[in-house]
Structure formats: structure tokens, C-alpha cells
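Worksheet for the structure shown next.
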Amino acid sequence: MMAVAPVGVGFGSRTWDGVMDLTKSAQERNMDPLMWAMHVSSSLTSAGLSMPSPELANLLVSHICWANNLPIAWKFLEKALTLGIVPPLLVLALLSIRVVPNRKRYPAAYRLYMELLKRYAFYLPSIIHGPNYPKIMESINHVLDLSQIFRLKPSEPGLVLVEFVFSTVWELLDASLDDEGLLEITSENKSRWATRNQDMKVDNYDGFQGKSTENQEVMQKMNTVMAIEIIGDFFQNKVTSRILYLARRNMPVHWESFIQNLQLLAGKSNALRNSKNISPGSLLELTASTRRVLSRELKTSSQQRFHAVIASAGQCHGTGFSALWLPIDLFFEDAMDGSQVTAASTVETLTGLVKALQALNLTSWKDTFLGLWLAVLRLIQRERDSSEGPVPRIDTCLCMLLSITPLAILNIIEEEECSGEVDSCFTGPRKEKQPVGKRRQDLVASLQQLDDYQSLLIPPLSVSSLANQAAAKAMMFLSGLSVGSGYFDGISLNDMPMGCSGTLQHLIVEACIARNVLDTSAYLWPGYVKGRTNQMPRSISGQMPGWSSLVKGSPLTPSMISALVSIPASSLAEIEKIYEIASNGSNDEKISAATVLCGASLVRGWNLQEHIVLFITRLLSPPIPTDYSGTESHLITYGPFLNVLLVGISTVDTVQIFSLHGLVPQLAGMLMPICEAFGSCAPNVSWTLTTGEEISTHTVFSNAFNLLLKLWRFDKPPLEHVFGDVPPVGSHLTPEYLLMVRNLQLVSSDSSPIGQSRSKRLSRLSTPSAREPINMDSFPKLKQWYRQHLACIASTLSGLVPGTPVHQIVDSLLTMMFKRTNRSGPPMTPTSGSNQSSGTGVDDFALRLKIPAWDILEAIPFVLDAALTACGHGTLSPRELATGLKDLADFLPASLATIVSYFSAEVTRGLWKPASMNGTDWPSPALNLANIVQQIKKILAATGVDVPSLPVDGSSPATLPLPLAAFVSLTITYKLEKNTERILNLIGPCLNNLGTGCPWPCMPIIVALWTQKVKRWGDFLVFSAFRTVFHHNSDALVQLLRVCFTTTLGLNSCSISSNGGVGALLGHGFGSHFYGGMLPVAPGILYLRVHRAVRNVMFMAEEILSLLMQSVKDIVRSGLPQEKLEKLKNSKYSMKYGQVSLAAAMTRVKLAASLGASIVWITGGSNLVQSLIKETLPSWFISVQGSQLNGGEFGGMVAMLGGYALAYFAVLSGTFGWGVDSTKAASKRRPKILGAHLEFLASAVDGKISLGCNKATWRAYVLGFVSLMVGCTPNWMEEVDVEVLKRLSKALKQWNEEELAVALLGVGGVAAMGAAAEMIIETGC
């Protein structure tokens, strides 16, 4: 081994020559080591050299190895170490590169090296506080070449210290493996350390005399045992074990290699078995990844109880296990709101939410999965009794249960199995001996435990037959029958065996098996199959043609098509077969296959739904035929085929299903080319469908255009809800935004590991056909319409020039709309044009409107302006106006979008006189308006919301703004039937939004008119009218939020174990027909349906924070007996009233914080979370004065609990908005916001920022916030500037919170590793 030259001084210098001569002389004379050391120290002092001296360490080690490997030389070295003349760690580093490779030649030297290691490697405080610390660590790095080995830049001495400790233990490990002949069977087949001298011979060259060969072999074996025991000492020592933890956390690749070698040693080492001090099991236990070496040892009982409550999952006092998963229940209910579609995949959002709750609740994955299943099952049961209305129904809920939830669980399981935490990554079909991760095993346990919740497993009546088939499939498997894909094609209830009653558990298991999360061993679970297997029919009576026939090659006959439309496919092969027909069949076959794909398989083919929605999306972009030679877009030739798809996916439930699967951006990207092509083509081409209906290019365009409009809030002003410096909340689904997300999705699916993993699950046929990015410039006609749409919202109409093509189209449209109007005088003309008619006759208007749809849409705003003006001036009756609008919408259904946007804009401008809804000119709501208002008042009162005035004067006629009256009149002209469902689904939410924003009692008037038309929608319509109350009255919204808190916490009772939780908050949906009327609406359901009507989202975070603090005070008041409350009036009793009461109170505090965080996230998304942590919380701490949380009569109890509540509230909000890892796009903003907040904490703890809150509140918040991040979201800290972490850790140290300060640095990543190691050594933590 090459000697390392002393730093700064050469060996040829006079000083070092003198030291060397002195050492040799003393060695010859056998001088006392103390006298030698004193002489050397004097010489170095005279030469002006500081001590401990790295140069002397190098000199002495080089002297010993190997010319002077004598006892006296080792004694000189040991005395130099004792007196501090040489740096111990540098000596150990220098010895390791010389002694360890030659340990078999010099076993005594190896023994002495290990003795020195035991003595000095664990005495680290003197090292970091001693002189020349940085220089010494730099020398160690140079000697051991640590920077090259670990590939870390030695930015600070503490980092080198961690590397030194880790390398020392690793070198001893590899040396021990080599001694026992095990090194060759490691994964690397060699050591990265110099554990063996390549030129070594078997002869013993040890300078210690009197040792026989036998004794040498015994010593070598003893050395191996000793080396292994020292490894154990490193892991048992409090300081070095935590330093090694830093290596484990921040150098995972190296640690993995190290731990594999250590496991090999534990499994095969004879020396380890011979040790009296450590066993294989104890060594593995000391190095296990589950060992928490940096967990906090909390110093105060209140902090211990706080963390005990955080960790006490499933022990919720009074509110039950379900309270832990309240955010999931709220998320599921919010996702069912059909008025809103999302660009993000619900699978990804749910995955992040579940991971966040598992981390914050510190629950096992078994309990987490169980909580998830129970939450989604509660959703199904709430939907069972919901009121009827044009909103997503049971099919969307079942999609959440049987498609979205299993896919989210699959994400979580694959994350573990593909991360190296198990032996191999599971990506394909299950194999018998394939490794299974712990999360997969926990899923099995959670599904088995569902048997304890039979009341939640009862399937809705509409899917009970499918549940029975799932149970029969398991019974067949156990009976030995082959379960073919066509077995159930024609099965009837008479063919089912007795006792074969399926539950939602059977459907869940089948959904998991279909995605390879489970295998068929689930059929063997105790109690899973309840019937007798010998009852299964061996043949089916009167079996119909179905999916099995299709797969075998049977043609698509009408009877087969009917069967396939009504029966969902059961295998991916069946769906791929129908997709191939839709792609490559004849024109008629394509249409038939498209009809099948949009049938029961789309809505209830839950096991295959993620494939089906992708297939349909891809089919909307068919390829250019090889023989196509036309000048127009090739899409025109696919008109009937595309129309079938567009109609098939336009229902409320199907649009929501596409939204849940995150396909809205991709679907929008497919619809835009269709709109562009068909909207640019004159309706000269028509097709007759098999139903006899005749369609044109206008028909296809309208269906595509109206579906596109459902994917974004086209009726909302684009700047609504904007606050601060962040994007709009709730109205960001513009066409540009959808295309941007679509482009990002395609990129991430190719580049990110997560995207690649999920792409492997999908069918080989579902790859998007168009992968290049697109933008609005690709669709000039659509872009032009969109600009006109925005202009119509922003200002009144102008610019119509007489004689232009647009003016002529306007005249033709007006003539068409009002051709049946019997009046004298000139025809109606647009107000912004000339007063002269263009002379268009009634007979030729139809020919003149044989033009592209985009041209018609351009003219419609002027048509509406002219018609509304005529009505306002009395030249056109309201009935004629409504009839004309209906004729326009029937002529071109796509015109509804412009009708909506124009009327909405005109209502907002407030320029029109009100229309009297008197039953003569306009329809009258008088028949039931008063009853509608009374229902609203009663339900508000029953919910606990007090609105001072909701006046409706029966003596005065009801009025609506003229544009709104026209819009309402148009909507009620539509009959409620299947053909008009798509139209009503488009304009219904628009009417609701428009009415909500209008003054009271516009919305009750609208509801009264619609209730007269559709009585069975009465409950739903009344519920819709609630939104306007909260839109105009922010105090009512605050009251509703307060009710949500008190109801969830059960604060209406004096007992800490009173009712509350999920059942109280969400009840059984938004209405029922029990007892002959509408029951009070659960406050949580009510809030989830009205929060999108909130105009000022910013104030919500402040109000929720205030309500959270009030809830803490209420919890303390309601959670303790009166005699204990009396004691709390004296602060000296504030911490002495019993652990049970405090634990129960803190459990409720946690529930309140969880509710608050959920509402913040659901209301404003990651933007509001960002605002909360960046602005709201710091402002509250600075500005709030003592009266709010000074504890008052309760001493410091309320203040302390308030701080912990805020900590949990803040961290949980962050996990919802950003995720616990970096998979969410919003996580990119986390480092900046979180860093600023931690900077605020550090500055305030340092006293650089004056606070207005109670000191106990502040202390509890800081300790709780940091503790939760360290214990639950450690990955966050690696993103924060290390200087901020150092500042905060020093501030915590000033509070005597050394454990927490060390833990904070410990999770700060490589950059903080050195500072963490130094603090570990300083504090002994």
C-alpha cells in the first residue's frame, strides 16, 4: 500500500527526521512510552506545529507497517493517541488500509487495530470539537478515497465522518466474510475495500514472537469473531447507530449492498454463531429497516400523548375507526358531483390521498386498505336512497368501488414491489412462486375482514345479478368446472344454484383478480363461497349468443349485438376482439362494434373499464383510409361511426366515468379535430342509421361540440374565482388547459417510471394513435369561436355589417325561427345592423342555411340579440321567443352553447328589464313557489343554518331578468326523454349556475317551474336551490361549516364518546322519500354540493382555521366532567386531570383538524393549501391576540391542544395538496412554500419575528409540525434548503428539543447529513 505523505510537511524536513530518530532510539532503548510521547510533543511544540498532528499519525503508522511491527512501536502509537498528539480517526483510517488487507500475515496487528477501534471510534465528541477538525477529516477522505467510493462531494467534515464510520463497519464486514470464505458468494463477488493483499503468502510475518502456527490460526478465528462483535457494537452504540442510520437513509444503493453482505454473514457465518456477545438474530434485528433509531424520545408527557394519539389508529374514542378515513369519504362524495369534471385522474388523486392518510395516521396497510374499502362501500349505501335527478347515479359510484379504488390500490402495491423493497417487481400475470410484497398481503387481510361489515356489502338491486354471477364463478372454481368466458352469457336466475347469493365483496374480489392484485386462491377464503359446489348446473338452459360466440368468430347479428350491448364483457380478450372489429371491420360492423363498446361494458364492465375508455377514446381518431382521395377531412367518411360513439359516451354517468379515469384531456384532444372537420363542412352529406334516423354533418358536429363543452365550464367567466398569484380555482378547464394537460400526460406516460409501469398494464391495442402535442392553433375555426365566446362574455355585441355573409345568415336564422309568427310589418332585423330587411324570403331560408356549422355559430349571438330585443320591446311574445329558440336549437343543437353564454352574459350585465312570471306572458311559478321556499327554510333550519331573511312576497308577481326568463322558458320546452337527455345534461348545470348567481328568489322561481314539469325531481331541484343562499350569504356558509364541525365531533352531547364522525357528517345522501317527505340534509353533503358556488375562496381558509380553534375550546369544555373543568380554572391543574381525558380530547382534536384540512383541499385544491401555509397560518400567528387562545378559564390546555390541532391541520393539508412524495405535479411547488414556512418557524423561534399568539400554542405548533414531518413526511425535508433546516434545528436545540433537532436534520438528505452527524455527537442523541 502506498504511503500517504503528511499534509503540508515533507518527510525530508529536519523536524520529522528528528522525530523519526527519536522514535527509533527510544524503540532500541525500550524507553517508557510516556517519556517518548513527552519528547515528541516538546519537539512538535518547538517547531510550531499544532496537535493533534496528522503528519505525526502518518509517520508513526508508516513506521509500524511493517518494518517495525513490534509491541513497543504499538505502545508508542497508543500513548500518542492517549495524550492527543495524533488524531484518533486518522490513525484508524491509516491503519485500516494497511492492517486489514494484511490481517492474516499480521493477526496480532489486526487484533491491536480492532482494540484501538473499540477504544477510539466511539469517542467522537472530542473529535468534532478538537483543533484541526476540518483538516483531519479532509486527510481521512484523502487516505480512504471516500469521495470516489461513495460518489459524494465532501462539502463538510461531518459528511466525511459519516462516510468514515460506514466504511469502517463495511470493511470489517467484508473482512469477516473473506475470513470465512463467503466473500466470493456475495452479489459483487469481491469487496470494494482492500480486505486482502493480492501478494499475501501464508507465512506469518507478525513481529510478535512466541506464537505457534496453531496459535496464529486460533487468533485469526478470534479476530473474526471480534470483528463481528465490533460491527454489533457500532449498531448498539447510541451515537454510531444513528450515524449509520444517516448512511442508510441517504446512501440507499450502498446500504443495499452492505445489508446484503450482512445478511449473508448472519446466515452462514460460523464465527457469528460462536460469539458469546451477539447472535445472528440480534445482529439482523439491530440492522433491520424497521428499527427507528432517530425516533423522538419526547420529554414532556403532553408531547408523548400527542404522538401516542397520532399513532393510535383504530382507537378513536367515540367516533370509531371510520373517523380516520373521513377525508376519503369526503373525497368520494365530492367526486360524485356531476356539475364538475376534472382533468386529473381520480385514480392518481385517490392514490395520493390514501398514502397521505396512511403516513399521517401511522396505520398498517391492512387497516388503510380496510378503511378505504369501507369508505367507498359507504358511498354505495348513501347512493342507494338518494333522490332522483340529472346527476351521476349508482353506475358512477360502482365505477369508484370496482374500478377506481382497485386501480389506486394497484398503484400502491406496485410502488412497493417495483421499488426494490421486495425481491422483484410484479408487472405481469401472477406466477406461483413470485415474491409478494407486504402490501399485497395486507390487501388480502383487509378483504377478508370485510366479512365483518355485511350491512355494507348488500349490492344495489340493479347489480345483484352480477354479484350472484361473481359468487357462482367462485363456486364453479371450487367444483372443478372450467369457467369459460361464455358460461354466464345466457344464465338465468333459475339456473343459479340455491344459496348462491353474491355480495359486493364478490364483485370487489373479481375486480382485484382481473387486475392481478389477487389470484383465485381468494375463492378458498373461509366463508367466501356460501353455497354447495355440487349444486352448480353443468349446462345452461337456452343459452343465448354472447361474448363467447363473438370470440369464437360468430358474426355480429342483430340478436348478438343486442346481447352484447346488455351484458358487460368479462375478459380483456373479448374487449380486444370487439375493438378490432370497430377498427378493421366493414362500415356496418364498425357501427355495431361501437354500439357494443358504449353499452353495458362501458358502464358496468368495471373489471375492464380502464381499457374500454381508452379504446373508445382511440376510436374517435380513426386512421386515414388507404384509398381515400377526398379534399375534405377523412373524418367525414366516418360520420355514422363517430356519431354512435359520441352519443354513446354523452350520458351523465359516462362523462363522469371518463372524468374519473382521467381521460378528459385526451378525450378533448380527440373531439377537437372532429369539431373542426364536421363544423367546416356544409350539410350536403347525410346518412340514414339502422334506426331510420337521418343524420348530417351538422348532427355529428353538434354531438361532438356539446360533448366537448361538457368537459370544461364554458358557461363560467374564465377569470372567476381568481385570487392572489395563483391560477383560477374551479374554472381552469379551458380548452387550452385541457390540451396542455393532454400533452403532458402523453409525455409522462413515456418518460416517468410510474407512467411506464401503468402503461404495461394496458392492452397492447390501447396505445394512443396520436402522440404529438397539439394546441388551439391546430383548430382555427374552434379557436375563432372560442374568442367570440369570450368576447360575448366580456362586452356587448358590435360589428355586424349589413350585406355581409354573417348578416345574411342572421336574417336567414331569424326567418327560420319565427316563420310561424303571424304579424304585420317588416320582418325582424338585428339591432346592431341596418333597419332595412335583406329581403330574404321564407321559402329559401333552408337553402341559405346549408352552410358549415361554424358559420352559423358565428351569427347566432346577433340572432339572439335581435330576438331578445324584439321581445323586450313587445314586438315578439315570450311564447314566440321560446318557440324560436327551440327551433334554433333543434336545427343546430350546437347553438345551445352560444345561447347559454349569451344569456349568461346578458344576465350578468343587468341591462334588461325584469320579466313578470305571471302565467300570461311568461310561465308562472305561483303554484308551488311558496312551498319551495318553505322547504328550503325548513331544511336550512333542520341543518342548523339560520338565514335571517328569505323573502317571497306572495302578493307581488315573481320576476326574472329577461334573458334568464327566456333561458328558463327554453329549457322547459324540452320533454324529459332519452333523445333530449344529452341536451338537458348540457344546459341543466348552466341554468343552475346562472340561477345561483342571480338575486333571491330567482333560483326558487326556476325550481318551481321545473318542479311543475318533473315532479319526481322535486327533492333534487329543491336541493339545487340551496346553492343560491350560500352564494349570496357568506355568513350562512360559515354557519354551515360550523355545523359540519360540531356534527362530526359530536359536540352536541356532553360525553366525550358521543356520536359523530362520518355517519353524522354525511348521513345517507342528499335526500330520501322516507316518511313521505325530504329528510334534513346531512351538513357534509350540503357543503360538498354548495362549495363551488363560493365566490371568495380565499376567506375559506381563514374561516376554517377559526372554526378549528373554536372546536378545540368546545372539545375541552364538552370532554371533561364539570368537577375537572373547575380544576382547570387554575392553570396548575391544567396538565393533571388524567391521561384518558387528554387522549380522548386529542383524538377529537385530530378529527377536527382532519375535517378542516379536507375542506380546505376540496374547496380550493393545492392553491388554497399553498395559500394556507404561505400566508394564512403565519398571519394568524403574528396577528392573533391573547384573548382568542389564551386558555382563559382552562389554563394552558386549550392553548396546547390548539397548537397541536394547527400542526396536524397544516401537515395534513400539505399532504393532500402536494402528496407525501413527488409523484403529484403540485409537489413541484412544495419546496418553495415549505421552505418559506420553515424559515418563518426558525425566525420566530429565534425571536426575530414577534408573535401575537399564546406561547403554549406556538410551542405546541412548532413541535407538532416538525414532529409530524419528521415522522410522517420525511421526504419533504430533503427538498428544503439545508441552511433553513440547520437554523430551525438550532432553534429547537435552544428549546432543549435536541432529539427533535437531530431528527429534523436526519431526514434532511445528503446535504444535511454532516450537520446531523455532528449534532448527534454533540447531544449524544
Side-chain angles (χ1 to χ4, degrees), residues 364-374 376-377 401-403 405-418 421-454 456-457 459 466-485 487-488 496-497 499-536 570-573 605-608 610 760-761:
S364 67
W365 279 109
K366 176 204 167 187
D367 286 341
T368 302
F369 290 145
L370 179 62
L372 174 59
W373 288 122
L374 295 180
V376 71
L377 286 169
L401 170 68
L402 300 172
S403 187
T405 300
L407 288 171
I409 290 175
L410 180 57
N411 285 347
I412 293 169
I413 289 175
E414 283 190 347
E415 181 182 61
E416 176 197 35
E417 296 181 345
C418 295
E421 297 180 34
V422 293
D423 292 340
S424 63
C425 175
F426 177 82
T427 56
R430 298 292 309 273
K431 295 181 180 179
E432 281 303 317
K433 297 185 179 180
Q434 193 164 17
V436 175
K438 179 65 167 60
R439 296 180 187 178
R440 194 182 293 267
Q441 298 172 19
D442 285 344
L443 171 64
V444 171
S446 72
L447 289 173
Q448 291 174 331
Q449 196 169 341
L450 286 180
D451 272 337
D452 299 335
Y453 303 88
Q454 288 297 321
L456 291 177
L457 297 176
L466 295 176
N468 293 340
Q469 288 182 9
K473 182 178 179 182
M475 187 179 292
M476 288 181 59
F477 177 85
L478 296 182
S479 68
L481 293 176
S482 173
V483 187
S485 63
Y487 183 85
F488 297 109
M496 284 289 188
C500 186
S501 177
T503 67
L504 290 177
Q505 183 188 32
H506 293 99
L507 292 176
I508 291 171
V509 167
E510 289 302 319
C512 292
I513 291 175
R515 294 172 175 90
N516 292 321
V517 183
L518 296 178
D519 56 29
T520 51
S521 63
Y523 299 154
L524 303 174
W525 294 347
Y528 184 78
V529 174
K530 295 180 173 58
R532 283 188 262 173
T533 57
N534 59 8
Q535 295 177 342
M536 288 303 302
S570 60
S571 69
L572 182 58
W606 307 292
N607 301 348
L608 306 165
E610 63 269 29
K760 292 178 182 178
R761 307 177 198 155

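Since the structure is predicted, the reported quantities are computational estimates derived from the model, not experimental observations.
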>> Could you check whether R439 pairs with E415 (Lys NZ or Arg NE/NH1/NH2 to Asp/Glu carboxylate O, under 4.0 Å)?
In response: yes
> Of E414, E417, E416, which is the lone residue that meets side chain to side chain donor-acceptor pair (under 3.5 Å) with R440?
Replying inline: E417
> Is there a side chain to side chain contact (heavy atoms under 4.5 Å, CB included) between L524 and L478 once you walk through the steps?
Replying inline: CA-CA 8 Å; L524 303 174; L478 296 182; 3.2 Å; yes
> side chain to side chain contact (heavy atoms under 4.5 Å, CB included) between W606 and L466: does it pass, once the steps are laid out?
Replying inline: CA-CA 11 Å; W606 307 292; L466 295 176; 3.7 Å; yes
Tell me, do [X] and [Y] make a side-chain contact under 4.5 Å, heavy atoms counted?
| X | Y | value |
| --- | --- | --- |
| C512 | L447 | yes |
| L456 | L504 | no |
| W525 | V509 | yes |
| I513 | D519 | no |
| L377 | I508 | yes |

> Sub-3.5 Å donor-acceptor pair from the side chain of H506 to the main-chain atoms of V529, do we have one?
Replying inline: no
> Which residues pass the side chain to side chain contact (heavy atoms under 4.5 Å, CB included) test with A467, sequence neighbours left out?
Replying inline: P459, L507
>> For T405, give me all partners under side-chain hydrogen bond (donor to acceptor under 3.5 Å, both in side chains), at least two apart in sequence or on another chain.
In response: none
>> Please enumerate all residues that pass side-chain hydrogen bond (donor to acceptor under 3.5 Å, both in side chains) together with E510, with sequence neighbours excluded.
In response: K473, Y523
> Given L370, which of L443, L450, D442 fulfils the side-chain contact (heavy atoms from CB on, under 4.5 Å) condition?
Replying inline: L450
> Strictly under 6.0 Å, is that where the ring centroids of W365 and F369 end up?
Replying inline: yes
> Distance from L457 atom CG to T503 atom OG1, nearest 0.5 Å?
Replying inline: 5.0 Å
